[in-house]
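Since the structure comes first, as structure tokens, the remarks are kept for the end.
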Amino acid sequence: MGFKEKVFSAVKMIPKGETMTYGKVAEIAGNSMAARAVGNILNKNKNLIIVPCHRVVRSDGRVGGYAGGTKKKIKLLKSEGLEIKSGKIILT
DNA sequence: GCTCTGACGATTT
DNA sequence: GAAATCGCCAGAG
């Protein structure tokens, strides 16, 4: 199984209403410092429906990017009950 | 098979 | 504390 396959598996296992950092996904995928590659893979595949990639956020609390637009990503996250302030996720 | 790209991350200024 | 810089990796051209 390639690295990207592992990434998809990790993202798919994120429960609704929860978020995971790119670094964490990368770690599960096999490389804890491949966070950059993780985002790159999701972007190129842009499987917004197959995988809930909108639950993947940055380590600094920012939402990060999204193939369908960061705005849409924030919208989706808020829809799942997450609190976002100025593009930053509030973990309670 | 080499080079560029990019939804990141930690450090330094 | 915010902004810029360097470093990292895997995919695609």
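Computation of the quantities below employed the complete heavy-atom set of this structure, encompassing side-chain atoms and omitting hydrogens, waters and symmetry-equivalent molecules. Chain A is the first sequence line, chain B the second, and so forth, proteins listed ahead of strands; every chain is numbered from 1.
The stretch residues 6-40 of chain A comes close to DNA chain C through A/N31, A/M33, A/A34, A/R36, A/A37, A/N40, each having a heavy atom under 4.0 Å from the strand. A heavy-atom distance below 4.0 Å to DNA chain B is reached by none of the residues of residues 79-90 of chain A. Within residues 59-78 of chain A, no residue approaches DNA chain C, by heavy-atom distance under 4.0 Å.
The same ILVMFWY cluster, assembled from side-chain heavy atoms under 4.5 Å apart, contains both A/V51 and A/I14. Tracing side-chain contacts under 4.5 Å through hydrophobic residues (I, L, V, M, F, W, Y), one reaches A/I41 starting from A/M13; they form part of the same cluster. Put simply, A/V56 and A/I50 are part of the same group of oily side chains (I, L, V, M, F, W, Y) that touch within less than 4.5 Å, one to the next. Residues A/I28 and A/M33 do not share a hydrophobic cluster, defined by chaining ILVMFWY side chains whose heavy atoms lie under 4.5 Å apart. Note on A/V11: it clusters hydrophobically with A/Y22, by side-chain heavy-atom contacts below 4.5 Å among ILVMFWY residues.
Within the 4.5 Å cutoff, side-chain heavy atoms of A/M1 are placed close to those of A/K6. No side-chain heavy atom of A/K44 sits under 4.5 Å from any side-chain heavy atom of A/K4.
Salt bridge absent: A/D60 and A/R62 never bring a charged side-chain N and a carboxylate O closer than 4.0 Å.
Rounded to an integer number of Å, the gap from A/R58 CZ to B/dA10 P is 10 Å. The interatomic distance linking A/K44 (NZ) with B/dG6 (P) rounds to 8 Å, in whole Å. The separation between A/N45 atom CG and C/dA10 atom P is 16 Å, rounded to whole Å. Distance, A/K46 NZ to C/dG11 P: 17 Å, rounded to whole Å. The separation between A/K4 atom NZ and B/dC8 atom C1' is 20 Å, rounded to whole Å.
Rounded to the nearest 0.5 Å, atoms CG (A/N47) and CZ (A/F8) are 4.5 Å apart. Between the CG atom of A/L48 and the CG atom of A/L42 there is a distance of 9.5 Å, given to the nearest 0.5 Å.
Around atom NZ of A/K24, no more than 12 heavy atoms belonging to other residues, nucleotides or ligands sit under 6.0 Å away.
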